[in-house]
Amino acid sequence: MTPIRVIIVDDQAMVRAGFAALLSAQADIDVVGEAPDGRQGVDVARATHPDVVLMDVRMPEMDGLAAAREILDPPAGVVHRPKVLMLTTFDVDDYVYEALRAGASGFLLKDAPPADLIAAVRVVAAGEALLAPSVTRRLIADFTATRPAPRADRAALRLNGLTPRETEVLELIARGLSNQEIADRLVLAEQTVKTHIGRVLAKLDLRDRAQAVIFAYESGLVTPGDAAR
């Protein structure tokens, strides 16, 4: 098995060292670089081609949001696009919401247990979005509640391309249900749910589960209050 290549971008040297030591101790993870700010983080990502970038939100020179945008929407000629996992000390942060919109695969609190960090790297590297924690649902609900009303006509055109079952699956994703929970709710096999999610992402031209949640809220398919149900 090829190890997961990770870089750590954080302005605190002790945080970088701690995360690097923890992750490097895992047989399936290699820390291939680190950087103290977003600008250097972009450079290191371009040079090392990591699978996952652990990106602090608030840093000097260039913050994590701007760096994530550059990494996930690179200039012509740059083909490598790693997964980006945002790191934050706050459980509700507008920067993290914007990072999800830009294509980040999720976020993790810096004070999360070590096992959660290791699991998060593996989940994101596998192509899933880190959206299980209830704090993530609250973050999205809080900020979508303050956004302007969505363009219902434009969103409807995209939603019309989904089957009723795919629309139902998208709603449940946005409410924070896991694949197994969606399978139980709809009385489907978990693999069938994964197939539906893949089709939803392809039809809506979305990068991953995180962007599916953002789209569901911003299109008006799901309202903030729905997340708690």
Side-chain angles (χ1 to χ4, degrees), residues 1-59 63-65 67-68 70-72 74 78-91 93 95-96 99-100 102-137 139 176 178-181 190-191 194 197-198 207-211 213:
M1 178 188 298
T2 302
I4 301 167
R5 295 169 59 83
V6 177
I7 68 170
I8 302 165
V9 185
D10 193 293
D11 61 338
Q12 298 181 48
M14 290 186 64
V15 170
R16 296 197 307 273
F19 284 179
L22 176 65
L23 295 173
S24 295
Q26 311 307 308
D28 60 336
I29 300 175
D30 280 346
V31 177
V32 297
E34 61 179 65
D37 60 64
R39 171 49 60 199
Q40 293 185 54
V42 173
D43 294 339
V44 172
R46 299 263 166 83
T48 61
H49 293 181
D51 299 303
V52 178
V53 178
L54 294 180
M55 180 76 73
D56 189 19
V57 172
R58 297 177 178 176
M59 294 179 290
D63 65 29
L65 174 57
E70 287 207 17
I71 290 172
L72 294 168
V78 178
V79 297
H80 180 70
R81 296 188 185 186
K83 306 294 184 180
V84 176
L85 179 62
M86 306 303 296
L87 300 170
T88 180
T89 54
F90 304 97
D91 63 356
D93 193 318
Y95 284 107
V96 179
L100 291 175
S105 294
F107 82 98
L108 189 71
L109 297 179
K110 284 188 178 181
D111 61 358
D116 285 3
L117 174 64
I118 297 167
V121 168
R122 291 171 176 157
V123 165
V124 169
E128 295 291 330
L130 194 70
L131 287 173
S134 60
V135 57
T136 306
R137 297 197 294 271
L139 178 150
S178 67
N179 288 355
Q180 186 58 61
E181 289 169 336
E190 186 173 2
Q191 185 57 50
K194 291 180 180 179
I197 293 173
R207 186 189 306 271
D208 57 22
R209 197 184 190 100
Q211 289 198 328
V213 172

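The structure displayed is predicted, hence computed values, not measured ones.
Results of the side chain to side chain contact (heavy atoms under 4.5 Å, CB included) test with Thr48 over Val6, Val32, Val53 single out Val32 as the only residue that passes.
Separation of atoms CD1 (Ile8) and CG (Leu22) is listed at 9.0 Å; rounding is to 0.5 Å. Note: Phe19 CZ to Gln12 CD = 9.0 Å, rounded to the nearest 0.5 Å. Distance check: Ile4 CD1 to Asp28 CG gives 5.0 Å after rounding to the nearest 0.5 Å. Atom CD1 of Ile118 and atom CD1 of Ile29 lie 6.5 Å apart (nearest 0.5 Å).
Minimum heavy-atom separation, Val57 to Thr88: CG2-CB, 3.9 Å. Of all heavy-atom pairs spanning Pro50 and His80, the tightest one is O-NE2, 2.6 Å. Nearest heavy-atom pair, Met86 versus Leu65, reported as atom, atom and distance to 0.1 Å: CE-N, 4.3 Å. When all heavy atoms of Glu181 and Ser178 are compared, the pair lying nearest together is OE1-N, 2.8 Å. For the pair Arg81 and Leu72, the tightest heavy-atom approach, listed with the atom from each and the gap, is NH1-O, 3.6 Å. Nearest heavy-atom pair across Arg16 and Ala35 is CD-O, 3.4 Å.
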| request: May I have the step-by-step check of side-chain hydrogen bond (donor to acceptor under 3.5 Å, both in side chains) for Asp43 and Gln40, ending in yes or no? | output: CA-CA 5 Å; Asp43 294 339; Gln40 293 185 54; over 6 Å; no
| Checking side chain to side chain contact (heavy atoms under 4.5 Å, CB included) for the pair Met59/Arg39: CA distance, chi angles, key distance, verdict? | CA-CA 10 Å; Met59 294 179 290; Arg39 171 49 60 199; over 6 Å; no
| query | Yes or no on side chain to side chain contact (heavy atoms under 4.5 Å, CB included) for Val84 and Ile71, after CA distance, side-chain angles and deciding distance? | reply | CA-CA 8 Å; Val84 176; Ile71 290 172; 4.1 Å; yes
| request: Using the side chain to side chain contact (heavy atoms under 4.5 Å, CB included) rule, take Leu85 and Met55 through it: C-alpha gap first, then chi angles, then the decisive distance, then the call. | output: CA-CA 6 Å; Leu85 179 62; Met55 180 76 73; over 6 Å; no
| Verdict with reasoning, Val9 to Leu87, per side chain to side chain contact (heavy atoms under 4.5 Å, CB included) | CA-CA 9 Å; Val9 185; Leu87 300 170; over 6 Å; no
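Within the 4.5 Å cutoff, the side chain of Val31 has no heavy atoms near those of the Ile7 side chain.
A salt bridge links Asp56 with Lys110: the closest approach of a Lys/Arg side-chain nitrogen to an acidic carboxylate oxygen falls below 4.0 angstrom. Ion pairing of Lys83 with Asp51 is absent here, as no side-chain N (NZ or NE/NH1/NH2) approaches a carboxylate O to less than 4.0 Å.
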